[in-house]
Amino acid sequence: MSGPLVVLVGPMGVGKSTVGELLAARLGTTYRDTDADVVAEAGKPIAEIFYDEGEEHFRALERRAVEAAVAGHAGVLSLGGGAVLDAATRELLAGRPVVYLSMDVDEAVRRVGLGAARPLLAVNPRRQWRELMDARRHLYEEVARTVVATDEHTPEEVAQAIIDALELPEGPAAPGVENTGMTQQSPTRIQVAGSAGSAGSAPYEVLVGHQLLGELPQLIGDRARRVAVLHPEALAETGEAVRQDLADQGYEAIAVQLPNAEEAKTVEVAAYCWKALGQTGFTRTDVIVGIGGGATTDVAGFVAATWLRGVRWIAIPTTVLGMVDAAVGGKTGINTAEGKNLVGAFHPPAGVLCDLAALDSLPVNDYVSGMAEIIKAGFIADPVILDLVEADPEGARTPAGPHTAELIERSIRVKAEVVSSDLKESGLREILNYGHTLAHAIEKNERYKWRHGAAVSIGMVFAAELGRLAGRLDDATADRHRSVLESVGLPLAYRGDQWPKLLENMKVDKKSRGDLLRFIVLDGIGKPTVLEGPDPAVLLAAYGEVSA
Ligand SMILES: NC(=O)c1ccc[n+]([C@@H]2O[C@H](COP(=O)([O-])OP(=O)(O)OC[C@H]3O[C@@H](n4cnc5c(N)ncnc54)[C@H](O)[C@@H]3O)[C@@H](O)[C@H]2O)c1
Ligand SMILES: [Zn+2]
């Protein structure tokens with residue numbers, strides 16, 4: 001029987017996802033979680049599905065998710081705590097390598113705590129746990145081939161116990177995982193948390209490497225029949241190749257060509273995409289693939305967020321900026337006559353594939369523009385980035401440079417960590433705005449004809465001067481901004497006579513609160529803080545340092 005190598009069942013909080021991911025890594029395969037599938041399908045957290053539509057509806061969604069996963073997933077699968085309550089779901093598990101992870105009540109109360117986001121344990125956890133387990137224990141035992149107790153065991157020990165119990169083969173060549181026999185390095189995988197709030201979404205992975213298109217079908221999944229590949233004119237051939245590839249694999253695949261760059265980020269282009277989806281009969285389980293720069297992935301994500309109130313989408317960024325910034329973090333959107341990115345939605349992708357080979361055709365100015373965001377990540381969080389750029393500034397200007405993959409990976413990690421921790425409403429996300437307050441004002445002043453990175457470069461020098469004048473940043477670090485940015489060919493200055501306009505633009509920037517201007521400044525490398533309402537004289541003085 002094909003299907004999962006292992007199916008984990010057991011009560012909430014028993015550690016199915018931790019153990020499952022660990023196990024998948026040990027077996028050299030992938031991990032899937034039907035709870036995440038249900039959340040992705042419904043477009044909201046489980047607690048909300050329970051609340052809005054009731055448990056029965058949730059169980060039906062869950063049954064469908066289990067059915068799809070046992071048919072199409074060859075790795076480690078874990079099911080939600082109550083999945084076994086459904087008789088049809090139990091039938092789907094017959095004959096499968098199901099492991100029941102058990103724990104006793106003390107352990108459960110310790111691990112699950114007092115409720116959190118778990119819909120069924122909101123009050124009196126100890127009593128509810130007992131009742132829950134009395135109702136479910138025999139069902140877990142009925143479907144399980146083996147029982148593994150987790151009490152007082154580490155996740156590693158539990159994973160080992162499962163491997164031993166089912167005699168699973170370890171290593172990267174485990175059955176069910178394609179082995180091409182090539183010495184292609186496996187891609188780097190970076191985890192990003194989904195989005196919180198009412199439209200919560202599952203965590204996803206950003207893959208960085210070469211020849212990643214083979215990962216696409218797995219990400220699309222087998223519940224989708226139709227796939228729309230949105231690409232810019234500049235990538236017409238790539239878009240068509242991806243479409244053909246998906247069509248060969250049995251999907252009904254269409255390619256939708258968008259204008260290049262910002263021209264794509266309009267409501268007219270979005271409407272054109274909606275029309276294409278409508279005419280193809282695109283349903284909620286179908287999938288959008290956005291392949292291109294930040295402009296393309298922004299529209300693709302926006303179209304995915306809005307079609308049928310949200311379908312899954314996959315980002316394949318093909319610019320440096322797209323990889324390290326636009327495609328990671330879940331912000332999608334379009335522009336209006338009144339300004340950039342004023343209309344949009346938080347709608348994280350199901351996965352991001354950063355195929356470094358795509359960068360080979362990118363014009364050097366676009367490549368260098370993306371370096372501004374990489375250098376930003378260096379200043380706000382990861383000084384190794386700055387060391388790598390300084391070690392070979394010429395190399396940092398091209399994809400053939402010695403540190404390309406590492407620079408991109410490190411920057412993605414910075415963004416991934418920030419947006420993931422921001423789910424806990426730490427407000428951390430604002431640090432990504434380093435250099436951006438002035439940059440946005442410059443971009444607006446240039447009617448968005450400038451490359452984003454060029455404006456961000458000047459904005460960071462300005463922020464460094466502001467930090468220095470505010471007595472926070474040391475001279476050496478402030479000067480280092482200029483030297484690093486200049487070494488890769490980014491601009492450091494803007495027209496001096498434009499200050500009044502820039503100031504005006506900054507005041508209407510959607511990111512300032514009330515009348516007070518807010519800037520991110522550094523107390524040192526990796527130490528961003530907020531500077532609110534700086535003295536106008538200090539602002540002017542800082543601008544004096546970046547005016548040409
Ligand atoms: N969603 C976010 O969080 C976020 C973050 C940062 C920026 N953005 C958005 O990203 C956009 C800018 O992205 P960008 O800098 O990637 O520019 P872009 O998407 O405009 O791409 C630049 C140009 O390069 C072309 N192109 C793309 N990949 C190519 C390749 N591999 N080879 C040759 N040509 C290629 C594009 O068609 C376009 O003409 C802006 O609209 C900005 O608002 C979004
Ligand atoms: Zn930016």
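Just follow the structure's listing: the first ligand is 1, and inside any ligand the first atom is 1.
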query = Under 30°, 30 to 60°, or over 60°: which ring-plane class applies to Trp450 and Tyr494, parallel, tilted or perpendicular?
reply = perpendicular
query = Out of Ser369, Ala327, Ala326, whose heavy atom is nearest to atom 2 (C) of ligand 1?
reply = Ala326
message = For the Zn ion (ligand 2), give me the closest N/O/S atom belonging to Glu373, just the atom name.
response = OE2
inquiry  = Using a 4.0 Å cut-off to any heavy atom of Asp325, which atoms of ligand 1 qualify?
reply    = 5 (C), 6 (C)
His452 heavy atom under 4.0 Å from ligand 1 = no
task = Please work out which of Thr332, Val456, Thr319 has its closest non-hydrogen atom nearest to atom 21 (O) of ligand 1.
result = Thr319
ask   = Of all N, O or S atoms in His436, which has the smallest distance to the Zn ion (ligand 2)?
value = NE2
query = Under a 4.0 Å N-O cut-off, is there an ion pair linking Arg223 with Glu41?
reply = yes
Sidechain N-carboxylate O distance under 4.0 Å for Arg410, Glu406 = yes
query = What's the shortest distance from atom 12 (C) of ligand 1 to any protein heavy atom, and which residue and atom give it?
reply = Leu321 CD2, 3.4 Å
query = Counting N and O atoms only, with roles assigned by atom type, does the side chain of Asp382 sit under 3.5 Å from a partner on the main chain of Ala377, one being a donor and the other an acceptor?
reply = no
query = In the protein, what heavy atom is nearest to atom 41 (O) of ligand 1, and what distance, to one decimal place, separates them?
reply = Glu262 OE2, 2.4 Å
task = Run down the list Ile316, Ile291, Leu362, Asp298 and name the one with the heavy atom closest to atom 1 (N) of ligand 1.
result = Asp298
task = May I ask you to list the atoms of ligand 1 that are less than 4.0 angstrom from any heavy atom of Gly293?
result = 16 (O), 19 (O), 27 (C)
remark   = shortest atom 23 (C) of ligand 1-to-protein heavy-atom contact is with Asp366 OD2, 4.3 Å
message = Return the closest protein heavy atom for atom 38 (C) of ligand 1 as residue, atom name and distance.
response = Ala261 N, 3.7 Å
inquiry  = Going by the closest heavy atom to atom 10 (O) of ligand 1, which one wins out of Gly344, Gly329, Pro363, Gly294?
reply    = Gly294
task = Considering only non-hydrogen protein atoms, determine which one is nearest to atom 28 (N) of ligand 1 and report residue, atom name and distance to 0.1 Å.
result = Thr318 OG1, 2.7 Å
inquiry  = Is it true that Tyr448 and Asn335 share a donor-acceptor pair across their side chains at a distance under 3.5 Å?
reply    = no
task = Run the salt-bridge test on Arg468 and Glu465 with the 4.0 Å N-O cut-off and return the result as yes or no.
result = yes
key: Distance filter under 4.0 Å to Pro232 heavy atoms, resulting ligand 1 atoms   = 37 (O)
query = Considering residues, nucleotides and ligands other than Gln244, do more than 12 of their heavy atoms fall under 6.0 Å from its CD?
reply = yes
request  = Verify the distance criterion only: is there a donor paired with an acceptor across the side chains of Asp286 and Thr283 at less than 3.5 Å?
outcome  = yes
key: Carboxylate-amine/guanidinium proximity below 4.0 Å for Arg243 and Glu240   = yes
query = Which one of Asp366, Val364, Asp360 satisfies the side chain to side chain contact (heavy atoms under 4.5 Å, CB included) criterion with Leu362?
reply = Asp366
query = At what distance is the nearest protein heavy atom to atom 25 (C) of ligand 1, and which residue and atom is it?
reply = Ala234 CB, 4.2 Å
request  = Run the contact test for Lys415 against ligand 1 with a 4.0 Å cut-off on heavy atoms, strictly below, and give the result.
outcome  = yes
task = Might you confirm whether atom CD of Glu446 has over 12 heavy atoms from other residues, nucleotides or ligands at distances under 6.0 Å?
result = yes
note = If you scan protein heavy atoms around atom 39 (O) of ligand 1, the nearest is Asn260 CB, 3.2 Å
inquiry  = For atom 30 (C) of ligand 1, which of the options Ser361, Gly370, Ala264 provides the nearest non-hydrogen atom?
reply    = Ser361
message = Using the rule given for side-chain contact (heavy atoms from CB on, under 4.5 Å), can you reason through Lys331 versus Asn341, listing the C-alpha separation, both sets of side-chain angles and the distance that settles it, and then say yes or no?
response = CA-CA 10 Å; Lys331 285 190 184 178; Asn341 299 328; over 6 Å; no
query = Does the side chain of His436 come under 3.5 Å of the side chain of Glu430 through a donor N or O and an acceptor N or O?
reply = no
Close N or O approach (Ala295, ligand 1; < 3.5 Å) = yes
task = Could you list which atoms of ligand 1 come closer than 4.0 Å to a heavy atom of Lys340?
result = 40 (C), 41 (O), 42 (C), 43 (O)
